[in-house]
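Below is one structure; the comments refer to it alone.
All heavy atoms count here, side chains included; hydrogens, waters and symmetry mates do not. We count residues from 1, following the sequence as given. Since we're looking at a predicted model, the values are computed, not measured. Counting convention: from 1, in listed order, for ligands and their atoms alike.
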Amino acid sequence: MTIFEDLESEVRSYCRSWPVVFDTAVGSRLTDVDGNSYLDFFAGAGALNYGHNPPALKKPLIEYLQRDGITHGLDMYTRAKGEFLKTFREKVLAPRGLDYKVQFPGPTGANAVESALKLARKISGKEAMINFTNAFHGMTLGALSVTGNSMKRGGAGVPLVHATPMPYDNYFDGKVPDFLWFERVLQDQGSSLNEPAAVIVETVQGEGGINPARIEWLQGLAELCRRHDILLIVDDVQMGVGRTGPFFSFEIAGIEPDIVCISKSISGYGLPMALVLIKPEYDQWGPGEHNGTFRGNNPAFVTATAALREYWSDDALERSTLAKGERVEEAFNKIAADTRTAEVTVKGRGLARGLQFADADLAGKVCAAAFERRLLMETSGPSSEVMKVLPPLTITDDELEEGLAVIAESVRSVTGS
Ligand SMILES: *Cc1c(COP(=O)(O)O)cnc(C)c1O
């Protein structure tokens, strides 16, 4: 392990929670160099919704590499990209009656967000953005400007401007009518609010503490944007690709955002890939106006195509995600009820779930206790007060029960209840 401590920057982070050297991984399990097996309830922060090295994706990937399929393709037309686009239209857009143009913005979530913000500014001719309290949209400057967390914002080293935060759903514990403040400052000529180009929102805040927005709230937001001529950007980088059940997390609200950011699990194999979906009338980019060397990660297109065919040809995965999510919720409700020495709140939607501890330190302690029992989990929330659970959607029922039992035991060991 000394090579990492000697040579790798202090910026490293997850490895500090899990100080072992991992080597191989299959499905929901990783193995370290000493042969110990770990159950993965983090799934690459949501980049491994189908688990590690899923066979239905690995086979076409190996075949593609074996036949010298193009690996790096800028934004050239390639067979792999063409097949991805066709499959995306057939399996994702058409069945949902959605009409979007597809932009490949460079392979990270932050790149998709930067693209979306730039495009919204270009379309509207306005520069101001509306973001939400506790939002997370990535670590580049534009994405950070609409991100809530003060530690992450502090890393920018320059003023983060042109964004105004609004209260996310339930920010005032449900006591204040939705959008009271937002509507008021939009209407009041004396409010000093700069006219916004767009609103950027997550339907469930992953990094912000597993905060799900209610369906009515999302519908109200879409309606408010329509009335005030503000573009609606949904950042589905973490909650998209089935994490909450349906392919897009906003489907349950029946809304159609103007721009959608997708990344993390879209390649299905943990390979870097991102998409910006744009309503056709808003595809106002000029050629090369948002560029990037790694927009054509063709092996990612191959695995993304295979993933759509394997998992999105019917609704089996969506139904199983919802069922597993309910099972986690039930187990968490029991933990909350059984924990007498600490105040615990159950949160989440689909297979994005959390346990929030009133005493923030406990969340990290529970994750550490779980790691001792070889279960990988992380915290989220502004004070790292939420123990966050993102298992692969393809986890088996037995593995899910195993992990839930470890969580219950870890909570007991930390709280002494
Ligand atoms: C992870 C994440 C991002 C940033 O993606 P990167 O690939 O880390 O740049 C943006 N938005 C949301 C909601 C995310 O969860």
**OP:** Carefully, step by step, assess Y171 and D178 under the rule side-chain contact (heavy atoms from CB on, under 4.5 Å).
**Re:** CA-CA 10 Å; Y171 195 60; D178 299 339; over 6 Å; no
So if I count the atoms of ligand 1 from 1 in the order they appear, which ones are less than 4.0 Å from some heavy atom of [X]?
X	value
E202	13 (C)
A110	4 (C), 5 (O), 6 (P), 9 (O)
H137	10 (C), 11 (N)
T108	7 (O), 9 (O)

So, regarding [X] and ligand 1 (criterion: nitrogen or oxygen to nitrogen or oxygen, under 3.5 Å), is there a contact or not?
X	result
N111	no
S263	no
V237	no
Q238	yes

Closest protein heavy atom to [atom], given as residue, atom name and distance to 0.1 Å:
atom	result
atom 11 (N) of ligand 1	D235 OD2, 2.6 Å
atom 2 (C) of ligand 1	K264 NZ, 2.6 Å
atom 5 (O) of ligand 1	G109 CA, 3.2 Å

Original post:
In this structure, which one of T379, V344, I407, L362 forms a side-chain contact (heavy atoms from CB on, under 4.5 Å) with M387?
Top reply: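 Filter result, single survivor: I407.
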Subject >> S263 (side chain) donor-acceptor with M273 (main chain) under 3.5 angstrom >> reply: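 It does hold such a pair.
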Original post:
Taking the side chain from R349 and the backbone from T244, do they hold a donor-acceptor pair closer than 3.5 Å?
Top reply: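 Checked: no pair found.
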Any donor-acceptor pair under 3.5 Å linking the side-chain atoms of [Y] with those of [X]?
X	Y	value
T71	N298	no
H52	D40	yes
S380	E207	no

**OP:** Please name the pair of heavy atoms, one in F132 and one in I200, separated by the smallest distance, quoted to 0.1 Å.
**Re:**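 Closest heavy-atom pair between F132 and I200: CD1-O, 3.6 Å.
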Original post:
How close do I278 and D283 get, heavy atom to heavy atom, and via which atoms?
Top reply: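 Heavy-atom minimum between the residues: CG2-N, 3.6 Å.
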Subject >> Residue part near ligand 1, for E207, under 4.0 Å between non-hydrogen atoms >> reply: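 The answer is neither.
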Original post:
So which bit of M139 gets within less than 4.0 Å of ligand 1, heavy atoms only: side chain, backbone, both or neither?
Top reply: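 Contact part for M139 vs ligand 1: neither.
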Subject >> atom 8 (O) of ligand 1: any protein heavy atom closer than 4.0 Å >> reply: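 Given the 4.0 Å cut-off, atom 8 (O) of ligand 1 does not count as touching protein heavy atoms.
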